[in-house]
Amino acid sequence: MSGIRTNAAAELLGVSPNTLRSWERRFGYPEPRRTAGGHRQYELGELEALRRALLETHNISSAIQVARQRGEGLGSSSRLVEAFDRFDEGLADRLMEESLALRSIERSVEELLLPALEIAESREGREAEYELACRWATGWLHAARRVCPAASRPDGVLLFDSSPGLTLEGLQVQALELGLRRAGFRVLLLSVGLAQERMTRAMRALDPTALVLCGTGATLDVVGRLVYSVRQLGSSAPLFEYRGAMPVSGSHNIPSLGGTPSEAVRNLKAMVDGSAFGRIAAVASRAGSRP
Amino acid sequence: MRHLARVHPSTEQRRSNREELTRFCTHCAELFGAPTAPADKPLRGRVCGNCGLGVILTCSSATLTAPRAAFLVVTADLRVSASSRAAEDVLAIPDGSYGRPLLSLLTSPAGIGELARAVIRAANGTLAPSTIPVLVASKDLEARIGGCGNPPAALLVLEPVAS
Ligand SMILES: [Zn+2]
């Protein structure tokens, strides 16, 4: 794998080259190789691990600790990014197949596909590679969805999506849809902006047990209209949000299902199956009645 | 009640939040004003350009009123995930000792149940701060506790007891 020069590595992490060198002195990480000419060359895998850890932690030394612990495990998403960079969808397919030989679809999506897309999204000047990555991942998730077993639970989940098309955010929603289907839920994914009269038949067919706001494109107005429409149609299903879908402003008390597909599926299963559901559903229902 | 559902508000909310939210460094505790980074570039400005050792989080400006404050960032499982340089002096904890239980560092005359409740409420997204007396290394202080993120956590700002 070719190394990444200091300026590009710093750009990828959103820091200055000086900060990157100061981390190397203080923490010994990320640790670059040196070229014959003495230039630093960073491993994409280390940078990727650190990039993710920076978003998940509250200080640099913890981020570095987390990135170190992940170590080798993240190398494969770098390889997937390399496949995007070569515009080689066949290689991307093979890497996913290799992953599926070792781990579940859920883990392959969360530990390989989505992290690779995060890297692809973060790079300036690589828009074509990112678009290819999004198109390939959309196809892959659709293919996985088509071979999901039939729903094994009576519970229906209605996902309201406000993410823009062909983006990592939209793929996070598709990954949630896949995870819910594989967990046996009946699932319907609709646009958040759908007018009430267009929603009636869908609501009647699904009779949802839970409603989930997804994507970060909805304003409070849109959410308010949506909740009003749903309640007008007679549904008292509790409303949840996924990955910070509620706009930050305004008064709301909508419980979060979490930030990853598996976390959201786990929470939804626990809520539906366990006694916590009644309590959380009551909170969500109250929140939904005063958007 | 205000919640921190995400720290990069959409364009429509940005103006109204400008007065209410502030970004801060978890290490040097400098303040950087209201969030402005677009939601699709979360890593832009994630690391503090001032010290290079803290990450930039967002909280209510009612919780963090001045720069270089002594504070702890605490997760919903009551573990310290960051501390400002000033807090490291107050609590005598070295850099890098993260993950330790909050209650091993401070207690509250109001009861640890009350303290835990305030921290968990904030860590679950309640931005508006509440104040609770705390006992730190035999010193009576006050902790102003409000939500911060992302990822979501409670921010405990340690200050002398207001007379
Ligand atoms: Zn700083």
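We name chains A, B, ... by the order of the sequence lines, and we start the count at 1 in each one.
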Identify the two heavy atoms, one from Ser62(A) and one from Ser81(B), that lie closest to each other, and give their separation to 0.1 Å.
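Minimum heavy-atom separation between Ser62(A) and Ser81(B): OG-O, 4.2 Å.
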Using a 6.0 Å cut-off, check whether atom CG of Leu103(B) has over 12 heavy atoms from anything other than its own residue.
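Yes, enclosed.
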Quick one: does any side-chain atom of [X] pair with a main-chain N or O of [Y] as donor and acceptor, under 3.5 Å?
| X | Y | answer |
| --- | --- | --- |
| Trp23(A) | Gly52(B) | yes |
| Asn59(A) | Val55(B) | no |
| His58(A) | Pro151(B) | yes |
| Arg46(B) | Gly14(A) | no |

Quick check: do Val47(B) and Leu54(A) have side-chain heavy atoms less than 4.5 Å from each other?
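Side chain of Val47(B) against side chain of Leu54(A), heavy atoms only: contact under 4.5 Å found.
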Which bit of Ser256(A) is near chain B, if near means a heavy-atom gap under 4.5 Å: side chain, backbone, both or neither?
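Contact with chain B is absent: no heavy atom of Ser256(A) under 4.5 Å.
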Please report the interatomic distance CG(Leu55(A)) to CG(Asn150(B)), rounded to the nearest 0.5 Å.
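Interatomic distance, Leu55(A) CG to Asn150(B) CG, rounded to 0.5 Å: 9.5 Å.
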Could you give the distance from CG (Leu53(B)) to OG (Ser22(A)), rounded to the nearest 0.5 Å?
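Going from CG on Leu53(B) over to OG on Ser22(A), the span is 6.5 Å.
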